[in-house]
*Asks:* 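Here it is: the structure, laid out below.
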Amino acid sequence: MGNKQSTKLTKNKNKSKISLKSTTNEPKSWYVEGRRYANYKNSKYFFPEDDIEIDRLQMQHYLFRNIFYGNFSAPVEDMLKQGGRILDIGCGPGTWVLENSCNFVRSEFYGIDIAPMFPSMIKPRNAHFIQANILDGLPFEDNYFDFVHLGFLSACFSEENWITQVIPECIRVCKPNGWIEFYENDGAAFNGGPCYNRIVESLKQEFFTMDLNIRAAILYKDWLLKEPNLINVQEEVRKQSIGNRDCLAMIMEESLKILFQTLAPRLAKNLGISVNEFEEMLQDVHEEYNKYGTYMNFYRVYAQKV
Ligand SMILES: C[S@@+](CC[C@H](N)C(=O)[O-])C[C@H]1O[C@@H](n2cnc3c(N)ncnc32)[C@H](O)[C@@H]1O
């Protein structure tokens, strides 16, 4: 959102439409060591919201879509073709919304984010972006969406947030018979070498300090299974190599490299080393991926509302 004014959602009850109203002149972002951060009020989220981060998220999006051969796993394709209403929570740069709104022109796609990274851009008529914090409640009425989707939000919510706020809100705004889908990578990689393992331990520590669970992906299925209003809970897991093995493995490595560079000051501090020493470790990590056959698991979990 850069320096734009923050906005508040209001709903026109008669027309059931969402509109944006400006509420404050408060600065919305600031810079730390050359990276731009948003004012994530009421949120644990600690990642930047600048162009480098947008590139990383877009890379991650295309990687994920290729790993799963598509943008969703729930059986929603017919509904999307015929025309439905879809929500993407924590949409970031809006890549998922933009791509799907082009593919399914009869459906209406809504992306919400506490600090949306989408520029004020030319976008399809059926793509809508709204600033909102899900922890304050979603600005939609009950049973509003046919499909509620969210991805890569493990750095945003504590386990308590997930169980008591995020999942109940997803269920509330989803129509009966509609679908909810979460995607995420498991923050633990397997067959990591010594440098990689040290970096991941430092990352886990950072998440733990913020009361976040870097392995939330492996818990989604159990959380959804416990919800009495959800049925047909399904989990898909895909293994993705990191390194030189193939094109996706190289993209995976590049995306992790940008993530580690982004968090370098925090991770180096946890490891008790300088940022320069941390950068040197990243060189060794590159060698390790291929030597040890490092891989990561990616998860998609979906369920239907009764
Ligand atoms: C890692 S990004 C994922 C973006 C997108 N889902 C994707 O897959 O590219 C996490 C996003 O969640 C947003 N976010 C963090 N806390 C939030 C909250 N409480 N409510 C809504 N969005 C939030 C951040 O601003 C950020 O854009």
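Indexing begins at 1, ligand by ligand and atom by atom, following the structure's order. All residue numbers in this chain count up from 1 along the given sequence.
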*Asks:* Check ligand 1 against N133 and write out every atom of the ligand that is under 4.0 Å from a heavy-atom position of the residue.
*Replies:*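 The list of qualifying atoms is 18 (C), 19 (N), 20 (N).
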
*Asks:* Can you get from I163 to L225 by hopping between Ile, Leu, Val, Met, Phe, Trp and Tyr side chains that sit under 4.5 Å apart?
*Replies:*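 Yes; tracing contacts between hydrophobic side chains, which count when under 4.5 Å, links both residues.
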
*Asks:* Answer with yes or no whether the side chains of Q60 and S255 bring together a donor and an acceptor at under 3.5 Å.
*Replies:*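 Per modelled atom types, S255 and Q60 side chains form no pair under 3.5 Å.
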
*Asks:* Tell me whether F157 reaches ligand 1 (any heavy atom closer than 4.0 angstrom to a ligand atom).
*Replies:*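 Yes; F157 lies near enough to ligand 1 that a heavy-atom distance drops under 4.0 Å.
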
*Asks:* Tell me: protein heavy atom nearest atom 5 (C) of ligand 1, and distance?
*Replies:*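 Ranked first by proximity to atom 5 (C) of ligand 1 is G90 O, 3.2 Å.
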
*Asks:* Check this for me: K123, atom NZ, are more than 12 non-hydrogen atoms of other residues, nucleotides or ligands nearer than 6.0 Å?
*Replies:*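 Enclosed: over 12 neighbouring heavy atoms sit under 6.0 Å from NZ of K123.
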
*Asks:* Identify the heavy atoms of F182 and C170 that sit nearest to each other, and give their distance.
*Replies:*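 So the minimum-distance heavy-atom pair works out to CE2-SG, 4.1 Å.
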
*Asks:* Please confirm whether R85 makes a cation-pi placement over Y144, using NZ or CZ under 6.0 Å from the six-membered ring centre and within 45° of the ring normal.
*Replies:*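 Cation-pi check for R85 and Y144: passes.
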
*Asks:* Need the ligand 1 atom indices (1-based, order shown) with element for anything under 4.0 Å from a heavy-atom of G92.
*Replies:*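 Answer, ordered by atom number: 4 (C), 27 (O).
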
*Asks:* Mind checking whether Y183 has a heavy atom under 4.0 Å from ligand 1?
*Replies:*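 Yes, Y183 has a heavy atom closer than 4.0 Å to ligand 1.
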
*Asks:* Please verify whether a non-hydrogen atom of H61 lies at under 4.0 Å from ligand 1.
*Replies:*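 Contact check H61 vs ligand 1: negative.
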
*Asks:* Quick one: pull up CZ in F260 and CZ in F278 and give me the separation to the nearest 0.5 Å.
*Replies:*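 Rounded to the nearest 0.5 Å, the CZ-CZ separation comes to 6.5 Å.
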
*Asks:* Yes or no: does L153 have any heavy atom under 4.0 Å from an atom of ligand 1?
*Replies:*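 In this structure, L153 qualifies as a contact of ligand 1 - some heavy atom is under 4.0 Å.
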
*Asks:* Write out the residue and atom name of the closest protein heavy atom to atom 27 (O) of ligand 1, then the distance separating them to 0.1 Å.
*Replies:*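 For atom 27 (O) of ligand 1, the nearest protein heavy atom comes out as D113 OD2, 2.6 Å.
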
*Asks:* One residue to check: C91. Relative to ligand 1, which of side chain, backbone, both or neither has a non-hydrogen atom less than 4.0 Å away?
*Replies:*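 Contact part for C91 vs ligand 1: backbone (N, CA, C, O).
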
*Asks:* If I compare all heavy atoms of W179 with all of V76, which pair ends up nearest, and what's the gap?
*Replies:*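 Reported closest heavy-atom pair: CD1-CG1, 3.7 Å.
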
*Asks:* With heavy atoms of S43 as the reference, note each atom of ligand 1 found under 4.0 Å away.
*Replies:*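 Near S43, meaning under 4.0 Å from one of its heavy atoms, ligand 1 has 15 (C), 16 (N).
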
*Asks:* Quick check on Y62: does its OH atom have over 12 non-hydrogen neighbours (other residues, nucleotides or ligands) under 6.0 Å away?
*Replies:*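 Atom OH in Y62 is crowded, with more than 12 foreign heavy atoms closer than 6.0 Å.
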
*Asks:* To check your reading of the model: name the closest protein heavy atom to atom 20 (N) of ligand 1, its residue, and the distance in Å.
*Replies:*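 Ranked first by proximity to atom 20 (N) of ligand 1 is I134 N, 3.1 Å.
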
*Asks:* Can a salt bridge be assigned to the pair E169 and R172 using a cut-off of 4.0 Å between side-chain N and carboxylate O?
*Replies:*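 A salt bridge links E169 with R172.
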
*Asks:* Quick one: which ligand 1 atoms are inside 4.0 Å of a heavy atom on M117?
*Replies:*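 Going through ligand 1 atom by atom, the ones under 4.0 Å from M117 are 27 (O).
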
*Asks:* Locate the shortest heavy-atom distance separating E49 from A38; write the atom from each residue and the value.
*Replies:*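 Of all heavy-atom pairs spanning E49 and A38, the closest is CG-N, 3.5 Å.
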
*Asks:* What protein heavy atom sits nearest atom 2 (S) of ligand 1, and how far away is it?
*Replies:*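 Protein heavy atom at minimum distance: Y45 OH, 3.3 Å.
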
*Asks:* For A132, state whether at least one heavy atom is located under 4.0 Å from any atom of ligand 1.
*Replies:*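 True for this residue.
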
*Asks:* How far is atom 15 (C) of ligand 1 from its nearest protein heavy atom, and which residue and atom name does that atom have?
*Replies:*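 For atom 15 (C) of ligand 1, the nearest protein heavy atom is C156 SG, 3.3 Å.
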
*Asks:* With no hydrogens and no angle check, is any side-chain donor or acceptor of N229 less than 3.5 Å from a backbone partner on K305?
*Replies:*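 Absent.
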
*Asks:* Which residue and non-hydrogen atom of the protein lie closest to atom 9 (O) of ligand 1, and at what distance in Å?
*Replies:*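 Result: L57 CB, 3.8 Å.
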
*Asks:* Please verify whether a non-hydrogen atom of A155 lies at under 4.0 Å from ligand 1.
*Replies:*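 Flag not set, A155 not near ligand 1.
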
*Asks:* Could you find the nearest protein heavy atom to atom 14 (N) of ligand 1 and give me its residue, atom name and distance?
*Replies:*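 Residue, atom and distance for the closest contact: I114 CG2, 3.5 Å.
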
*Asks:* Rounded at 0.5 Å granularity, tell me how far CD1 in I231 sits from CG in L224.
*Replies:*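 Going from the CD1 atom of I231 to the CG atom of L224 covers 13.0 Å.
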
*Asks:* Is the contact between F152 and ligand 1 made by the side chain, the backbone, both, or neither, using heavy atoms and a 4.0 Å cut-off?
*Replies:*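 Both of them.
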
